Amino acid sequence: MKALILGNRLGIVESKATYPVKITSLFLNQLFDMNLNFSSRMKFSFRDGGTLRLKDHLTHADLQLAFILFRCCNAYGYIDLTNRKALYRRLENEFESPISEGQFYAALEKFSHHQLILSEESADGDIRHRLNYFMNEKTNKIGHYVLFHPFVFTKVFHELTLAEKKLIISAYAQASGSSKKIITRNLKQVDKTFRHAQFSGLLSFLHKSQKSHISDILNNLAQLLLPVETKTNAKLLDSVQLVKGKNGYKAELKFNSEFLIPVVNKDQQKYYNPLDACSLYPKFFSFLKREADFYGIGELFSDQHLSNRLVKRLRPVSVRLIRHAFHDLMEYVKEKGILPRNPEYMIKHSIEDKFNTILDKVITKVGADEFVRYPETREELVKERKWSFSQAALKSKLGIKKIRIRMEQTIKSLNRSYPVLPWDVSDYGAGPTTYQYQELRKFLDIDSIKREALIEKVDPFYYGDLEYNALLAIRNTNPKVVEDWIRGELPKLPRLPGKRLLPYNFRLENLVFSN
DNA sequence: ATATCTGCAGGGCGTGATCA
DNA sequence: TGATCACGCCCTGCAGATAT
């Protein structure tokens, strides 16, 4: 592992090492190929009338951007661009001489134009960004890659000319970590078949018109000293020369093996360092810290890993609920003198509890109880329906206000499409053709009992239970006692004003939280 | 109101042309 | 072929616009 402390912000402020960075060869190929159409001099701008920039021109900014993109993507090449500034802050951390912010945005835009960065919509509707030419589609692993020594982040490297940088990067990638290779590049490509810009001859690749220009570059590179280890410089190249071959002049470069990193390496994670939630949402993160401090639980955010999880989890949660959870934590700390072992778990629960309490009130207020619990009437099952509804509400990530508005609208339209119809005698108990009815009628005045239930608007579901129990009882009990029992139970049963002809598979959450 | 993003001026580099 | 030059775009730093 070649990780060294550089004069970048990572090194100076945090005393942290800068690691090598992985880049796929294919990506580099395409990056350099953006020059292929250079002569067209096509321009782009951020907005109509804005500053024009060359679309097919590779710049210093592009190179820094490429390195930082590969640093901040995950193992599948996905990169979070919800806050591009966060990516720029990382660039400022890793490079000794970072490019300016304006150039950074311009380079990003250019990468999108060239489809080096792809944006795709995921199943949940979020836009995600992915580095193109990253995965090997067949193996579903990262494609052939090169580990770039951290010298690419140094000031010395940054101050080289563009042509010098391009040559180093291209040749270094070709060496691919193997120290024995001597890289040779013709000045002119005699073979006319299509070549990627990198291999189209050095004169064309480096935008030079004369052999002497190339030899100037090579002479400079021959002297080039870069840090191999922390505070130790060495020559980047063992040898550089311009020699005459049978196809004209060619450049030969051999890298100092101390700068090369073999591709077999175990510390994979060190090369990727994706942007974390705290840096993507710095504003929200500082809000959380402020609130936590206010409640005397600022310690909650002393751990980087937990901070990231909390930022992610709490982002869609309303301020009111966050404060409630922090308040609960404060009470806990007051009592036990210490934060719970798993504060995230406690926060989650206290938010869900509070959310459900508020949601229950809203349900009652907008008159949605009967729809939430539909089609269940028994207490345990109604509980399940309520739980399922509140899960859907949580998952929707809507604020309580929005939920309330949506519910009011939905209830309104439900009342129009499914008006309350009065109960009919036939809704109560078993019908006249059934065995149950025939049996009961032999012993009791069942018709008069049904009429009584109808007048009282008893919930027929519960009446049904009553009638069934009467049928069982009548076989070994005095009918008179059974009849008195029924009449006595009737007033205790729940009432329902009427029936709605809702389909049996009706679920309120599907209406309120769809799309 | 603050953070993020884009425009602008002028110096200097990158590109490719001219001249010997 | 090599030395030098000219044009225009990149680059920085800051101002101003736009988004949250």
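The chains referred to below are lettered A, B, ... by the order of the sequence lines, with proteins before strands, and numbering in each begins at 1. Remember, predicted model here, so these are calculated numbers, not experimental data.
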Out of B/dT15, B/dT4, C/dC10, which has the shortest distance to the side chain of A/K208? B/dT15
Do A/R315 side-chain atoms and A/A277 backbone N/O form a donor-acceptor pair below 3.5 Å? no
Taking only N and O in the side chain of A/T59, is any of them less than 4.0 Å away from OP1 or OP2 of C/dC11? yes
Can you check the A/R315 CZ to C/dT20 P distance for me, whole Å? 12 Å
For A/L91 and C/dC11, what is the distance between atoms CG and P respectively, to the nearest whole Å? 12 Å
Sequence-distant partners of A/S307, side chain to side chain donor-acceptor pair (under 3.5 Å), two or more places apart: none
What orientation do A/F38 and A/H57 show, parallel under 30°, tilted 30 to 60°, or perpendicular over 60°? tilted
In whole Å, what is the span from the CG atom of A/L167 to the P atom of B/dG14? 14 Å
For C/dC9, take OP1 and OP2 only and decide whether either is under 4.0 Å from a side-chain N or O of A/H57. no
Distance, rounded to the nearest Å, where A/I217 contributes CD1 and B/dG16 contributes P: 13 Å
Phosphate oxygens OP1/OP2 of B/dA3: is one of them under 4.0 Å from a side-chain N or O of A/N83? no
Considering heavy-atom distances to DNA chain C, does A/K283 or A/S100 have its closest nucleotide positioned more toward the 5' end? A/S100
Report the relative orientation of the aromatic rings in A/F46 and A/F44; use parallel for angles under 30°, tilted for 30 to 60°, perpendicular for over 60°. perpendicular
Scan nucleotides 6-11 of chain B against the protein and return all N/O pairs shorter than 3.5 Å with their distances rounded to 0.1 Å.
unit_1: B/dT6; atom_1: OP2; unit_2: A/R84; atom_2: NH2; d: 3.3
unit_1: B/dT6; atom_1: O3'; unit_2: A/R47; atom_2: NE; d: 3.4
unit_1: B/dT6; atom_1: O3'; unit_2: A/R47; atom_2: NH2; d: 3.1

Do A/E14 and A/R9 sit within salt-bridge range, that is, some charged N less than 4.0 Å from a carboxylate O? no
Classify A/A61 by what it touches in the nucleic acid, base, sugar-phosphate, or nothing, heavy-atom distance under 4.0 Å. sugar-phosphate
Between C1' of C/dC9 and NZ of A/K43, the distance in whole Å: 8 Å
Can you find a side-chain donor-acceptor pair between A/Q391 and A/S388 that sits under 3.5 Å? no
Nearest to the A/Q103 side chain among B/dG16, B/dT4, C/dC10, which nucleotide is it? C/dC10
Selected nucleotide, minimal atom distance to A/L162 side chain, candidates C/dG8, C/dG2, B/dG14: B/dG14
In whole Å, I'd like the distance from the CG atom of A/D62 to the C1' atom of C/dC11. 13 Å
When you check the side-chain N and O atoms of A/H114 and A/D56, is any donor under 3.5 Å from an acceptor? yes
Going by the angle between their ring planes, with limits at 30° and 60°, are A/F153 and A/F95 parallel, tilted or perpendicular? tilted
Does B/dG16 have OP1 or OP2 under 4.0 Å away from a side-chain N or O of A/H207? yes
What integer distance in Å separates A/H60:NE2 from C/dT12:P? 9 Å
Could you please name the option among B/dG14, C/dC9, B/dG16 that lies closest to any side-chain atom of A/F38? B/dG16
Quickly work out the A/F205 CZ to B/dG14 C1' distance and round it to whole Å. 14 Å
